[in-house]
Amino acid sequence: MKVAILSRNRNLYSTRRLVEAAQARGHEAHVIDTLRCYMNMATHRPTIHYKGKELEGFDAVIPRIGASITFYGTAVVRQFEMMGVFTLNESVAISRSRDKLRSLQLLSRKGIGMPVTGFAHSPDEIPDLIDMVGGAPLVIKLLEGTQGIGVVLAETRKVAESVIEAFLGLKANILIQEYIAEAGGADIRCLVVGDKVVAAMKRQAKAGEFRSNLHRGGTASLIKISPEERSMAVRAAKIMGLNVAGVDLIRSNHGPLVMEVNSSPGLEGIEAASGKDIAGMIYSFIEKRLQEGNTSNRTVGKG
Ligand code: ADP
Ligand code: MG
């Protein structure tokens, strides 16, 4: 098959692995710089051009859309959908996963456990907002932050009040969340492909840090997850409409909680920790869907 890997940088580990794994399986993979695609909305024949030529004959698209280009990136993915090309993750699902508030509302509606979370726009009732999530310490998050940037631990009520006030004063969209202290700076990244968790790793924050993101100096190790955690991760990905997702769980005193669902999970940490060929598993999934003729974009047009 002929696959387009939408990625801004062919030297990134995940992109390189996706190219390698395609070649190992006899597929033709093209790395396409998302921002250099331009499109034509023609009613009967939507097209995408790239570096002066029309993109033609693709069987599948693997979107690797960075958080900073979600808007344009999802438009490119949507255009492939309009052309009838199978996209590993659909544009609506990617947009959804990029908005923490929308994602958490959707997951909570479907009964997925998560830390107690509040959000507000007006800075008028901050004390009550803080009480709503159980008081300090609490975590404050910028809605569109990523890689741990924009996630703040407010250890006291006073700090929480002034940080929330500052963010809202800047018109930043934030949510505030119960701090799961018992997680000890660790969380679990579950890599979901289709209806399976194909690998899981524990990420431990470096000393003096509560954010376990590898970009923030966290370290990864292999971990065995419980059946409950496994099914929670698979359900969360399904609710988001993602075929491939990195579902982050945190272990609390009252069981596992979902913290977030990522639509372009990095492969480096999880392949290193698990020793598994995750890129290959992604192609197995695509091959199966193409063989079954099951390439419909289920959520096109839905929010
Ligand atoms: P990002 O999208 O920037 O990765 P996250 O919501 O995943 O933001 O938060 C980053 C990290 O901070 C998490 O991986 C986790 O280690 C820690 N963290 C986030 N929220 C909480 C919380 N409510 N309680 C404890 N730790 C948290
Ligand atoms: Mg995260």
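First listed ligand is number 1; within each ligand, the first listed atom is number 1.
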If the condition is side-chain contact (heavy atoms from CB on, under 4.5 Å), which residues does Glu268 pass it with, not counting sequence neighbours?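 By the side-chain contact (heavy atoms from CB on, under 4.5 Å) rule, Glu268 matches Tyr13.
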What protein heavy atom is closest to [atom], reported as residue, atom name and distance in Å?
atom	value
atom 24 (N) of ligand 1	Ile180 N, 2.9 Å
atom 11 (C) of ligand 1	Asn213 OD1, 3.3 Å
atom 23 (N) of ligand 1	Glu178 O, 2.8 Å
atom 17 (C) of ligand 1	Phe210 O, 3.7 Å
atom 5 (P) of ligand 1	Glu260 OE2, 3.7 Å
atom 14 (O) of ligand 1	Asp187 OD2, 2.8 Å
atom 26 (N) of ligand 1	Ile250 CD1, 3.7 Å

Contacts table for residues 124-133: side-chain donor-acceptor under 3.5 angstrom, sequence neighbours left out:
| unit_1 | atom_1 | unit_2 | atom_2 | d |
| --- | --- | --- | --- | --- |
| Asp124 | OD2 | Ser122 | OG | 3.2 |
| Asp131 | OD1 | Arg157 | NH1 | 3.0 |
| Asp131 | OD1 | Arg157 | NH2 | 3.2 |

Residue Asp248, metal the Mg ion (ligand 2), N/O/S under 2.8 Å: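 No.
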Glu260 atom (N/O/S) at minimal separation from the Mg ion (ligand 2):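 Of all N, O or S atoms in Glu260, the Mg ion (ligand 2) lies closest to OE2.
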Any carboxylate oxygen within less than 4.0 angstrom of a Lys/Arg side-chain nitrogen, looking at [X] and [Y]?
X	Y	value
Arg45	Glu54	yes
Glu271	Arg17	yes
Asp33	Arg10	no
Glu209	Lys206	no
Arg251	Glu229	yes

Aromatic ring pairing Phe285/Phe86, orientation class (parallel under 30°, perpendicular over 60°, tilted between):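 Rings of Phe285 and Phe86: tilted, as their planes differ by 30° to 60°.
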N/O of [X] under 3.5 Å from N/O of ligand 1, yes or no?
X	value
Tyr179	no
Arg211	no
Pro115	no
Lys141	yes

Atom of Ser97, atom of Ser263 and distance for their closest heavy-atom approach: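 Looking at all heavy atoms of both residues, the closest pair is OG-OG, 3.0 Å.
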Just to be sure I read this right, does ligand 1 sit under 4.0 Å from the backbone of Met259, its side chain, both, or neither, counting only heavy atoms?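 The answer is the side chain of Met259.
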Quick one: look at Lys100 and ligand 1, take heavy-atom pairs under 4.0 Å, and tell me if it's side chain, backbone, both or neither.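 It is the side chain that touches ligand 1; the backbone stays farther off.
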Judged by modelled atom types alone, do Ser221 and Gln204 share a side-chain donor-acceptor pair under 3.5 Å?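 Distance-only check fails for Ser221 and Gln204.
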Out of Asn262, Leu142, Val151, whose heavy atom sits nearest atom 9 (O) of ligand 1?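 Shortest heavy-atom distance from atom 9 (O) of ligand 1: Val151.
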Would you please indicate yes or no on a ring centroid separation below 6.0 angstrom for His30 and Phe58?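 Yes, they do, as the ring centres are separated by less than 6.0 Å.
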Could you tell me which atoms of ligand 1, counted from 1 in the order shown, lie closer than 4.0 angstrom to a heavy atom of Gly148?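 Ligand 1 atoms under the 4.0 Å threshold to Gly148: 1 (P), 3 (O), 4 (O).
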